[in-house]
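Okay, so here's the structure we're looking at.
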Amino acid sequence: GENVEQHPSTLSVQEGDSAVIKCTYSDSASNYFPWYKQELGKRPQLIIDIRSNVGEKKDQRIAVTLNKTAKHFSLHITETQPEDSAVYFCAASGHTGGFKTIFGAGTRLFVKA
Amino acid sequence: SAVISQKPSRDICQRGTSLTIQCQVDSQVTMMFWYRQQPGQSLTLIATANQGSEATYESGFVIDKFPISRPNLTFSTLTVSNMSPEDSSIYLCSVGTSGETQYFGPGTRLLVL
């Protein structure tokens, strides 16, 4: 079945450094790739997304890249700040299956001040 | 994005009982979904709530255990039936407002004793 693998499971960086989280997906029909940030005790919040007709998208300190051939996509956070500390989930979905979204296992990011 | 509310926000229940969780959206949405998130884990899709027809359940989830209603385009309920301690989890509804993008409700934290 469809699967999304996410690495690393835990990431610790120094404030100001960059953080990169990588995901791979199995369903070649997937064409939409959102990223969610979940702070402790809160709901997952959409932070950025990318569609399959785009290779890269940037929003201030956050960027996402997509390689459809290799079926992997990545989240890049630059100039990390302590408030970036959270769990980040990648996900993949497509028109088939009624927009069913498959989530990665999550990456717990710690930004040390 | 839509404003999504869930009731109750948390509950403690006795095994063998049932709990109905409500999800209300402030605007009409096409897609509504129910997820389960166990502590420290990712999001697992339980079912897609279809307006006017039976919900579509994912593998491992059945209607008898998780009956779902969706009477209109702004409201859905999920019932967790005949609960056991293994049902202790966070239950989240999500809505799709345009295509694949999903936004999550605040979640219902359930503890079964």
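Quantities reported herein were computed from a predicted structural model and do not represent experimental measurements. In what follows, chains are A, B, ... by sequence order, proteins preceding strands, each numbered from 1.
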Q. Can you tell me how far the OG atom of B/Ser42 sits from the CD atom of A/Gln6, to the nearest 0.5 Å?
A. 7.5 Å
Q: To the nearest 0.5 Å, tell me how far B/Leu92 CG sits from A/Arg43 CZ.
A: 9.0 Å
Q: Give a yes or no on whether B/Ile12 and B/Met83 share a hydrophobic cluster (residues Ile, Leu, Val, Met, Phe, Trp, Tyr; joining criterion: side-chain heavy atoms under 4.5 Å apart).
A: no
Q: Identify which part of A/Gln38 has an atom lying under 4.5 Å from any heavy atom of chain B, answering side chain, backbone, both or neither.
A: side chain
Q: With a 4.5 Å cut-off on heavy-atom pairs, point out which of B/Gln37, B/Arg109, B/Gln41 contacts chain A the most.
A: B/Gln37
Q. According to a 4.5 Å side-chain heavy-atom criterion applied to Ile, Leu, Val, Met, Phe, Trp and Tyr, with indirect links allowed, do B/Phe33 and B/Phe75 form part of one hydrophobic cluster?
A. no
Q. Could you state the interatomic distance from CZ (B/Phe104) to OH (A/Tyr36), rounded to the nearest 0.5 Å?
A. 5.0 Å
Q. Who among A/Ala91, A/Gly41, A/Ala105 has the most heavy-atom pairs with chain B under 4.5 Å?
A. A/Ala105
Q. To the nearest 0.5 Å, how far apart are OG1 in B/Thr44 and CZ in A/Phe103?
A. 10.0 Å
**Q.** ILVMFWY cluster, A/Ile62 and A/Val87 together (side-chain gap under 4.5 Å)
**A.** no
Q) Out of curiosity, B/Leu43 CG to A/Thr101 OG1, how far, rounded to the nearest 0.5 Å? A) 10.0 Å
Q) Less than 4.5 Å apart, any side-chain heavy atom of A/Lys100 and any of B/Leu45? A) yes
(Q) Count I, L, V, M, F, W, Y as connected when their side-chain heavy atoms are under 4.5 Å apart, and connections chain through other members. Are A/Val20 and A/Tyr88 then in the same cluster? (A) no
Q: Please answer: with hydrophobic residues joined when any side-chain heavy atoms are less than 4.5 Å apart, are A/Leu66 and A/Leu75 in the same cluster?
A: yes
Q. Side chain, backbone, both or neither: which part of A/Pro44 has an atom under 4.5 Å from a heavy atom of chain B?
A. both
